[in-house]
Every structure is written in C-alpha cells, then in structure tokens.
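Okay, structure first, notes after.
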Amino acid sequence: MDGDLPKEYFELIRKTLNEKKREAVSGRPLKRKKRRNTRSTTEDVQNSSVEVIDLESNSNDVQLATEVIDLDSGGGEAITMLNSEVSEDQHDDSVDSDEFEDVEDTDFENLNDISITINKEEKPVHKNKTARKNVCSNEERRKRKFIHMFYLLCLLINGFLRNEWLNNSKLLSRLGDLIPEKVFEQLHPRKDEDMPLRSTRKLLDGLKKCMEIWNKHWRITKRYESIGCYMRFWDEFDEKWSGYSQSLNKKMFIKNVLKGVGDRDLAAQGFVALLRSCNLNARLVISMQPPDFTNLRTLESLSNSAVNVSYDDMIKYPLFWCEVWDKFGKKWITIDPINLKTIEQIRNASKLEPRGGAPKRRNQLRYVIGYDRKQGTRDITRRYAQWLNSKTRKKRITKDKEGEEWFNRAIYALNRRKRTKIDDYEDAYFDQRNANEGMPDNLQDLKNHPYYILERDLGKNQIIKPNAKESGYLKLNNRVHGVLKVYERKNVINLKSGKQWYMEGRVLKTGARCKKVIRKKNVRLSNIDDDNEEERLYSIDDTEIYRPPLASAFGEITKNTFGNIEVFVPSMIPANCCLIESPVAIKAAKFIGIEFAPAVTGFKFERGKRSKPILSGVVVSKLYREAVETAIAGIENSIEEDERKGFELNALEQWNKFLLKLRIKSQLNQVYGTVVEAEKKSVPVETPEAGGFFVTGSESVVGPNISNLNDCNVEMNDGSATNLSDQYSEGEPMGGFLPVSTERTKNGNFEEKQESDNEFSNNDESSNEFGGTKGTDDEYEDFMNDMEL
DNA sequence: TTGCAGTAGATACCTTTGTTTCTT
DNA sequence: AAAGAAACTTTGGTATCTACTGCA
C-alpha cells in the first residue's frame, strides 16, 4: 500500500521526527505496541528479512512490512504495521489507519530496515529477550516478604530477650560502681521550678560523663566477624553464614559487659545497663535490619550489581543505642555512646538516621524499636526517620493495612506493661513530628502518602469534599503539567453507585443528589436497550440503611423479580424473619409447604464474566424457623442414609461380581484345565488375609480388584492395567490382592494376559462383556443362569 | 553520583441473576 | 408437554506497582 510512496517521503518524515524529538514536544502520547518489535537487534532484522525474501520471493515488490505514513494527523506521526501481525489481512489497501498502533519513533533511523517477525517459534525468544530480567517471580516476591517478616519477628523477640538480660540485678549492681557519686547526682538533679531546662541541662551533663566513663571502661571493641546485624542482600541468604557470632548466653553476656569486651552492639547494650544501674529510665533502642522486601531484583542481577560497602561505611551509623527519659523536659534523650558518640534531643531530624549512599545500603532505618526497663516495647521509628510518611513508610511492612495489623500485633505481644503518662507524652511528640514532616515536594513521595493526595491521583470514584481547600501545591519542573494541587487525604470522599450501596445494604435517601457521574465500566455487558452508559455515584451521606418490608401475618415475604430475596448483610433480612443457611434449605422449605424466599447471599464469578447468584439458604418468617430447621435435619439425615446405603450396595455389587468371576474361573479351569499359575506369586483366591475392600489407585470403585484375574478376561483399560502392574510389581504389597505379574514382553504388555485373552476370546466371545464396567445387570443375570448359580 | 518525572509492562482487582438445544 | 440437563460461552477496563530510561 505504501509502495507508491517515493523515497523522499520517508526522508522527510525522518527529518521531521528527529526535529520533533529535539524540541521534546510531546503531543498525544505515542504508544509502543510491542517492545520486541522495536527492540529487535539489527541482526534479527536482517535475518528475518532474508527469510522473508525467501519465503515471499513471489511477491511483486519487496514489501516486507507495510509502513503507513499518516501525514494529516500530527504532522508526521509514523504508523507502522507489521506484516506478521496482520498477515490475515492480505495487504488490504482499504485498511484504515486508525487500526494501526502508533509506534514510537525510536527506530526510524533505519526506515529501510524493516523489522518483522515471521517464524512463530521465534516469538517466545523475542519475548524472553525483552522480558524483565531483574524482576523476581511472584512466588519469590511472596517468599521475600515472608522472610522479611520472619526475620523482623526474630529480631523483635531477640531484642526483648536481650533487654531482659540488661535488667540482671548482679550486672546492674556491679556496673553501678563505675559511676561516681558526683555524676550520679548530676543524673538526678532537683527539679528547677522556674527553669526546667536547667534540670535537663544537668542531666545531659551527667549523661555525657557517663558516656566518657563507658568509653574508658570498654577497652576492647571487637570487629564484627561478618556484617553483624546490618542488612543482608537477598543473595547473601543462599550463602553459608560463616563467621556469624556463636550464640551468646546470658552468663557470657554479663561477663563481657562487665569486662568491657565485645563488639559495638554489646558496648551499646552495656551502656543501657549502666544507665539503668543509676536508676534512670533507659531504653534499649534497636534499628532492625531485615532484608529489603521491596527490592525485587533477581539474585543474578543482584550479584551483578553487588554493591560493595566498606566496613567503615557500614558501621558509620549504629544499630543499637540508648534513650533516657528526661522527666523535666518530658522528652526522650538519645545517646549513641559508641559509633557517633553523641547525645541529642531530636526535633526534626536525627543524626542517627543513615545518610549517604554507601552506609544506607547496609543500614536502612525502617524499624526502630525501644525496649524500656519495665518490659515495654514501642515502635519509635518516628523519632529517627525524618521522612517517615513519605519515604521510610514505603520500605516498611506497614505500608499496607495487612502488614500494619501484623506489625501492631507483634509489638502488642511484646509490650508487657501498661500504658503510662510517658507514652502519652511520646505519642503527642510523634503527632507533632507527623505534622511537622509536612507535604512531600515530589511526585513519588505523594503517591500513597498517608496524609496527602494529589488531585490527579484521585480515584475515579473519589472526590474532594465540596468545601475543602487544597493544602498546597506541587511545582513540577516540567512545563507541561506545571503546578499540581495537593489535598489532604481526610478530605477525600469515596463514592459508590446506587447498586454498590445496595450490596452493602444501603439505599439512596429520597432526593439524594449524585456527587459525580462516570462512564460505566463495562459497556459491553449492559443490554442494548439500556443505553444509559453513565453511572451516578453517591456518598454514604446520601444513603440510609435499607429496611426490607416485613413479612405478612401468613409469612409471605416480598421477593424481587427473580423470585428471591437478597441478603448481602444481616440488616437486609426482614425484621420478623430469619435466614436459614443450608444447601437443602430450599428443599426443606418446599417440603413443608410454607411461605419462604430463597436467599441470595452473594455472587460467584465464573469465566465468561457471567455471574451467578449464590442461593445459600432461605428466608422464612420467624414462626417457621423451627419447622424448617427440623425439616433440614431430616433431609440431611435421609441423604446421609441414602449415601450409606448406596455405598453398601455398591460394595455388595462389587463382591458379587468378584465371586462371580471366581466361579467363572474355576469353571473354566475345570473344563479346560489349569492355566499355568505356579509362577504367579500371589493368587488372590488363596490369599488368606484377602478381606475387606480394596481401593485401587485409578478406580474409585470400592470392592475387590479384578484386574489380576487375567483368565477371566476382565475388560480393562490396557493402560491402567499396565500402570497398576508397574506400581505393584516394584513396590511393596499393598495388602489385599496383588496383581503381580513378572512376565513382560519388551512392549511392556503382559504376555500371559495376551495369551489368555486370545484363548478366552476364541472360546467365548460373549464373556468379553463380563466383569468390565460396561456389563449390565441383565447380562450378569444371564451369565449367572448359564453358570447355574 | 543521585534524585526524580515519565513510561511500559505486569499484576491485581472489580465485575454483581444466560441462552439454546436436547433428553427424559 | 413440561421440566430439567447439558452444551455453549471463554472479557476487559482500571488501578497499582515496579523497573527502567533519560535528564538535570
């Protein structure tokens, strides 16, 4: 179709496109249909071109791919169509350009090189090439999340136990000797009524002294043998954890702390004990480093981009430190006595939050947990993470609701003390910090922010409260979008259609006004006469709880057009009725002949998009409740009885068949002499322990297995018979009857069986029908008569 | 080197009451 | 003749998340 276009056109287009690229004017967004088309390497292109020529050497021109240039729209947008994609179209000239996908202009440098995919076998190869290499599978994703949570839980419990060790009375009394009387007084200053800050000042001085004392006391600081408690990358879980410190028991722990020997973690923990020995309310604070579950890179890509973090960078920021309650300032004071050797009263940012690329790779501050001396456990990440809501939150398991509940449960389980005033003060401080964090200044952080939302990120069924004002603006460098409005999330209202509200047992109030009108999602489903493609949405304030009409005195219930009553929530049951859920409820209600309504409690969605109602029970007047329940019990009972009888009958039938076959066999043996049986190790007839029912692997029939009665020419599935024999001949006897046959031909068939088959079929064809699944009762009877049974 | 807007691709979620033909 | 079983049908739009790219 484009064969008529002269070459100059292409060059013109190419030129225009290149200019447009430079200007970076993005009109309507160009779509790339399939990456593999544009990404295919030149080699591929050439190869395929050659192949095409070979394949289509009869075609008039070398039109390998048709390229349609739409000159009218957008002044030079090029649209390509690939032969392979529309091979059925057979070069239809009348193809409308709208049918083609717009393709990004990246590959128009080589317009003469035409990319094309011909061989179907090649397609998956292309797909694999362009498939994401660095994203792990869904399963792996879940696994990582699980490991993250498990790891975190272990750390939480470990912290709790370690915190208990710190309360050891012997340890505390010995450590208390390290603190001179003067310093002790500084740590417990008198309250200055006029200027509480002065008391705080004294406390801080005392703490500084303590820190100095501790640094003198701690003589030997061991190097971490591996990476200590810092964060591991995912590929490091597959390696052997060599050099991980041997389990440290309580005794050794106390001994080492008193001696002042150990790694940085131990030093920090010991410092907490030191402060507790001075009767201060000191917290053991741990920044936990479970692996990053939001990092979805595969192990290969991880190891390729393995980031080497130097030891010094890694230990720059601590994982263990200390907090002391300042009762004058009603704040927690943070002390890191080892790594940064700092004391701080955190206002908006902490020095302990890792900064810079390298340290952050091994130390992502996400979960900071404080354990106090009364076995209280609290999540105090807020104090240390400057951008908790916009950045840190995304790396935490609490980023979704499920994870948050899990985490809260874990913390709750480890918090062994009642709430105190100190917690109130701290929560107030956290609220203050949340408020101070303010609005993010970039798009990424505004996504899923707990407090703010961009106007453009509002869902289709969401609106901002009518009189709410925007709380700020986000200025983008991009000239196209300019300034975006940001609202507080609490001003967002979720809307639902009338039908959706009905599913929650609510109906629109009279005179309710719709808040928003959207296009219906599935136009295709809606009937032809239902040309209303708009969906009106309402807020919860526009609705009220649905009160279904009461049943009449005779128990008559108002039903819908389908003859049902919908009970999606309990409030949708009429007040004087009840819902009885049972698979046989409808049957029971019918049986006793009362007024009832089948209850639709939900829908099931099957393929083909058709949904079907779930009729899980009936709604009846409360008067009939007992009657229906009794009837249901009766029906269930009788069903059970029937099942039992059926089972019994089936079993008896199988036995009957079996015995019949034995008779046939013995009769045949009498007439024609015994077939070689000596080689068969287990002859079912003579097996003494052969009793009871025998369930085969492939058949669900209960009863004796008949496959081993070769002489009776049991009509069997050859395949299943072979499989059975395979199973049994090699495995242990499974009890009961064993179709063991050791003679096999190369084809895997049983020689013996074949022989006997032939033998038998020659003698009596009609018996072929016997014993198999096809035989009917009449035939059995006939045969039994023949056998004079 | 780092941060970030924009984008593509993958995945998850929402959907919320058939019809025709044959057999018993 | 009526009732019931069986076969046929085999979406698709939107939201959300993540990695990647190119730019500053």
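Side chains included, hydrogens not; waters and symmetry mates left out as well; all remaining heavy atoms used. This is a predicted model, so every value here is computed, not measured. Chain identifiers are assigned alphabetically (A, B, ...) following the order of the sequence lines, protein sequences preceding nucleic acid strands; residue numbering begins at 1 within each chain.
For the P atom pair drawn from B:dT17 and C:dT9, the interatomic distance equals 22 Å after rounding to whole Å.
Here B:dG6 presents its P atom at 14 Å from CG of A:D445, a figure rounded to the nearest Å. Rounded to a whole Å, the CZ atom of A:R142 is 13 Å from the C1' atom of B:dA10. Taking atom CG of A:N461 as the reference point, atom P of C:dT14 lies 13 Å away to the nearest angstrom. In this structure, A:M503 atom CE and B:dT17 atom P are separated by 8 Å, rounded to whole Å. Spacing between atom CG of A:L495 and atom P of C:dA15 amounts to 13 Å, rounded to whole angstrom units. In this structure, A:R393 places its CZ atom 14 Å from C1' of C:dC17, rounding to the nearest Å. In this structure, NZ of A:K360 is placed 6 Å from P of B:dG3, rounded to the nearest angstrom. Taking atom CG of A:D400 as the reference point, atom P of B:dT11 lies 19 Å away to the nearest angstrom.
Stem list for DNA chain C (at least 3 consecutive Watson-Crick or G-U pairs, distances under 3.5 Å): B:2-14 with C:12-24, B:18-24 with C:2-8.
Of all nucleotides listed (B:dC4, B:dT17, C:dT18), B:dC4 comes nearest to the side chain of A:K391. Listed nucleotides: B:dT16, B:dG6, B:dT2. Nearest to the side chain of A:L476: B:dG6. Here the nucleotide nearest the side chain of A:Q500, chosen from C:dT14, B:dT2, B:dT15, is B:dT15. If you check B:dT16, B:dA5, B:dT2 against the side chain of A:L443, the one that comes closest is B:dA5. Of the candidate nucleotides B:dG6, B:dT16, B:dC4, B:dG6 has the atom nearest to the side chain of A:R456. In this structure, the nucleotide among C:dT18, B:dC4, C:dT14 sitting nearest to the side chain of A:N442 is B:dC4. Across C:dA15, B:dT17, B:dC4, the shortest atom-to-atom separation from the side chain of A:Q444 is found for B:dC4.
Judged by distance alone, the side chains of A:D312 and A:S310 never bring a donor and an acceptor atom under 3.5 Å apart.
Below the 3.5 angstrom threshold, one finds no donor paired with an acceptor across the side chain of A:N448 and the base of C:dT16.
Residue pairs that meet the side chain to side chain donor-acceptor pair (under 3.5 Å) test with at least one member in residues 555-565 of chain A, sequence neighbours left out, are A:N560-A:E566. Screening residues 348-357 of chain A for side chain to side chain donor-acceptor pair (under 3.5 Å) gives A:T342-A:K351, A:E344-A:S350 as the qualifying pairs, with residues at least two apart or on separate chains.
Checked against side chain to side chain donor-acceptor pair (under 3.5 Å), A:H148 has the following partners two or more places apart in sequence or in another chain: A:Y367. Considering only residues two or more places apart in sequence or on other chains, A:Y487 meets the ring pair (Phe, Tyr, Trp, His ring centres under 6.0 Å) condition with none of them. A:R382 is linked by a salt bridge (charged side-chain N to carboxylate O under 4.0 Å, His left out) to A:E437, counting only residues two or more places apart in sequence or in another chain. Not a single salt bridge (charged side-chain N to carboxylate O under 4.0 Å, His left out) links A:R366 to another residue, sequence neighbours left out.
Contacts of A:K399 with the nucleic acid, taken as non-hydrogen atoms under 4.0 Å apart, involve only primed sugar atoms and P, OP1 or OP2. As judged by a 4.0 angstrom heavy-atom cut-off over every strand, A:K447 is placed among residues making no nucleic acid contact.
By the criterion of a centre-to-centre distance under 5.5 Å and near-parallel planes under 30°, the ring of A:F562 forms a stack with the base of B:dT17.
With respect to A:E504 and A:R506, no salt bridge is recorded, no charged nitrogen being found less than 4.0 Å from a carboxylate O. Salt bridge A:K145/A:D400: present, at least one basic N to carboxylate O contact under 4.0 Å.
Comparing A:R141 and A:G602 by the nucleotide of DNA chain B that holds the closest heavy atom to each, the one mapping nearer the 5' end is A:R141.
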Would you mind writing out the side-chain donor-acceptor pairs for residues 584-601 of chain A within the sub-3.5 Å range, not counting sequence neighbours?
residue	atom	partner	partner atom	Å
A:T601	OG1	A:S616	OG	2.8

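Non-hydrogen atoms lying under 4.0 Å from DNA chain B are contributed by A:N564, A:E566, all within residues 564-574 of chain A.
Considering only side-chain N and O atoms, A:K499 lies nowhere under 4.0 angstrom from the phosphate OP1 or OP2 of B:dT16.
Just one of A:N494, A:L495, A:I463 meets the side chain to side chain contact (heavy atoms under 4.5 Å, CB included) condition when paired with A:S539; it is A:L495.
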